[in-house]
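Below is one structure, written out as structure tokens; the observations come after it.
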Amino acid sequence: MNKEQERLQKRIANSGYTSRRKAETLIAEGKVKVNGQTVTELGTKVRPSDTVEVEGVKIEQEDKIYILFYKPSQVITSVSDDKGRTVVTDYFKQLETRIYPVGRLDYDTSGLLLLTNDGDFTNLMTHPRYKIQKKYVAKLKGYLMREEVKSLERGIQLEDGMTQPAAVKIKSQDKEKNTTLVEITISEGRNRQVRRMFEHFGYQVSKLQRIEFGPLNLKGLNAGDGRVLTPHEVKIMRQLAEHGNK
Ligand code: URA
């Protein structure tokens with residue numbers, strides 16, 4: 001496929017008109033026209049200059065938006081919640097475009113979360129092949145030992161496989177309170193991974209915050225704040241995913 005071209009269903013989904021799956025149904029039902037001609041073949045490719053109409057409505061390309069959000073704890077990383085709890089997109093209700101979280105943070109985890117309407121960008125940021133480094137600060141119940149730090153750095157066996165080497169730095173330890181504050185940088189994004197890495201040694205994580213995602217950090221933001229990424233930051237993030245963290 002020519003770099004400029006994209007599949008018709010993707011173009012429709014990217015416009016925000018409907019989901020890719022629904023777009024496929026509309027194409028198959030003969031409700032989509034390209035340059036005035038009805039098209040029913042799903043794989044049809046279109047160029048940016050092609051006019052696409054769905055159910056008689058001309059669709060426009062939606063501007064891409066990339067948001068860096070400081071997710072508070074006790075907020076769900078989702079666009080809706082059947083229990084009525086606050087979700088991350090509740091903070092962006094004023095936006096006209098639908099945005100989606102890039103990966104996820106646990107309900108109890110705070111920190112840096114990206115949101116976007118660019119599905120390709122989301123895939124780049126979350127695909128395990130592209131190893132974007134994520135730095136977390138964790139508060140542990142217990143006194144993390146040097147040997148355990150070494151094990152975490154090498155990689156440990158979790159129930160879903162070995163972890164990749166991590167960077168681990170003890171920031172402070174309190175003997176009386178029996179707590180450890182530790183920074184950990186990982187390039188994977190398995191479910192509850194950081195918590196499980198410390199639980200492996202018997203430490204409960206009482207607080208977890210993601211403070212960096214690649215070169216991005218939370219500088220200048222309070223919990224609940226968001227800001228738009230600059231075009232330069234978006235470019236750097238794409239390059240990082242495509243060429244690694246070197
Ligand atoms: N690791 C976790 O355990 N939780 C998160 O939210 C993110 C990484």
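Just so you know, ligand 1 is whichever comes first in the structure, and atom 1 is the first atom listed for that ligand. Any value given below was found using the heavy atoms of this structure, including those in side chains, with hydrogens, waters and symmetry copies removed.
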key: K139 NZ: over 12 foreign heavy atoms closer than 6.0 Å   = no
query = Testing T180, T179, N178 for side-chain hydrogen bond (donor to acceptor under 3.5 Å, both in side chains) with Q173, which one passes?
reply = T180
query = So does E53 pair up with K33, basic N to acidic O under 4.0 Å?
reply =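 Here E53 does not pair with K33 in a salt bridge, since their nearest N and O are not under 4.0 Å apart.
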query = Should side-chain heavy atoms under 4.5 Å link Ile, Leu, Val, Met, Phe, Trp and Tyr, which residues sit in the same cluster as V79?
reply = Y100
request  = Decide whether Y143 and E148 meet the rule of one side-chain donor and one side-chain acceptor closer than 3.5 Å.
outcome  = no
Need the list: ligand 1 N/O atoms against protein N/O atoms, distance under 3.5 Å, rounded to one decimal.
from: ligand 1; atom 1: 1 (N); to: V194; atom 2: N; distance (Å): 3.1
from: ligand 1; atom 1: 3 (O); to: R192; atom 2: O; distance (Å): 3.3
from: ligand 1; atom 1: 3 (O); to: Q193; atom 2: N; distance (Å): 3.4
from: ligand 1; atom 1: 3 (O); to: V194; atom 2: N; distance (Å): 3.2
from: ligand 1; atom 1: 3 (O); to: R195; atom 2: N; distance (Å): 3.0
from: ligand 1; atom 1: 4 (N); to: D106; atom 2: OD2; distance (Å): 2.7
from: ligand 1; atom 1: 6 (O); to: D106; atom 2: N; distance (Å): 2.7
from: ligand 1; atom 1: 6 (O); to: D106; atom 2: OD2; distance (Å): 3.4
from: ligand 1; atom 1: 6 (O); to: T109; atom 2: OG1; distance (Å): 3.0

task = Could you give me the CA-CA distance, side-chain angles and deciding distance for D120 and K64, then say whether salt bridge (Lys or Arg N to Asp or Glu O under 4.0 Å) is met?
result = CA-CA 11 Å; D120 292 331; K64 300 281 185 259; over 6 Å; no
